[in-house]
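Reading through the structure tokens given below for one structure.
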Amino acid sequence: MKNEHLHFLQLAVEEAKKGVLSNDGGPFGAAIVRRGELIALAHNEVLKTNDPTAHAEVVAIRRASAILGRFDLSDCVLYATCEPCPMCLAASYWAKIKTLVYACSRHDAARAGFDDAFIYEVLEGKAEDKRMEVLQMGREMALSAFELWQQKGDKTLY
Ligand SMILES: Nc1nc2[nH]cnc2c(=O)[nH]1
């Protein structure tokens with residue numbers, strides 16, 4: 001099992017390097033594996049697509065979900081060359097991933113110039129400057145969308 005984990009991490013690392021050399025994005029790769037079978041391999045595509053959410057893990061989750069035709073990836077393992085940032089970790093929870101295997105840490109990413117560790121600090125209430133103004137207003141108005149959802153009989157929960 002450990003060798004299998006290292007095998008898929010190695011594939012993700014090679015994919016990350018491919019993305020760096022093609023200028024697609026940062027040095028991050030990810031793989032989604034189901035019962036020992038590689039379903040999707042992806043690298044960071046932020047620069048290629050001008051999509052700030054195109055992190056390797058998100059691209060891999062989107063690709064695997066499209067291939068398997070479902071949003072529930074609970075039978076899949078996510079391999080990532082680096083500890084997922086909070087967005088990618090949340091995406092993994094939304095995809096119901098049960099096993100995550102990663103190599104480098106958020107601190108390795110920070111040393112390479114990526115803000116993963118800072119966002120964790122914000123979420124943990126440890127950041128002095130959150131670098132974002134956050135306002136809440138219009139709750140009564142917006143609750144109507146939740147009411148519509150709650151009344152809907154044929155909804156799919158996810
Ligand atoms: N884990 C991870 N961290 C990042 N930080 C910036 N981009 C990425 C990415 O694609 N993956």
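Just the heavy atoms: all of them, side chains too, but no hydrogens, waters or symmetry mates, feed the values below. One-based numbering, in listed order, for ligands and for the atoms of each.
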Atom 3 (N) of ligand 1: nearest protein contact (heavy atom, Å): D116 OD2, 2.6 Å
Heavy-atom nearest neighbour in the protein, as seen from atom 9 (C) of ligand 1, with distance rounded to 0.1 Å: F28 CG, 3.2 Å
Just say parallel, tilted or perpendicular for the rings of F71 and Y158, cut-offs at 30° and 60°. perpendicular
Parallel, tilted or perpendicular, as decided by the 30° and 60° cut-offs, for the rings of Y79 and F8: tilted
For atom 11 (N) of ligand 1, the option (of E57, E45, H43) bearing the nearest heavy atom: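 Residue with the shortest heavy-atom distance to the ligand atom: E57.
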Selected option - heavy-atom contact closest to atom 10 (O) of ligand 1, from A56, G29, A16: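 Looking at heavy atoms only, A56 sits closest to atom 10 (O) of ligand 1.
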Give the atoms of ligand 1, by number and element, whose distance to some non-hydrogen atom of [X] is under 4.0 Å.
| X | value |
| --- | --- |
| E83 | 1 (N) |
| N44 | 7 (N), 8 (C), 9 (C), 10 (O) |
| C82 | 1 (N) |
| F114 | 6 (C) |

Which heavy atom in C88 sits nearest to a heavy atom in V58, and how many Å separate them?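 So the minimum-distance heavy-atom pair works out to SG-CG2, 4.0 Å.
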Determine the minimum heavy-atom distance between V122 and A127, stating which atoms define it. CG2-CB, 3.8 Å
Heavy atom of P84 under 4.0 Å from ligand 1?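 Yes, that is the case, since the closest heavy atom of the residue is under 4.0 Å from the ligand.
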D75: which of K96, R70, K98 passes salt bridge (charged side-chain N to carboxylate O under 4.0 Å, His left out): R70
Is there a polar contact between ligand 1 and C88, counting only N or O atoms under 3.5 Å apart? no
Please determine if E15 and R63 form a salt bridge, counting it only when a charged side-chain N lies under 4.0 Å from a carboxylate O.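 A salt bridge is absent here (no side-chain N lies under 4.0 Å from a carboxylate O).
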If only side-chain N and O atoms count, and only distance matters, is there a donor-acceptor pair under 3.5 Å linking E147 with Q151?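 The answer is no; no qualifying pair exists.
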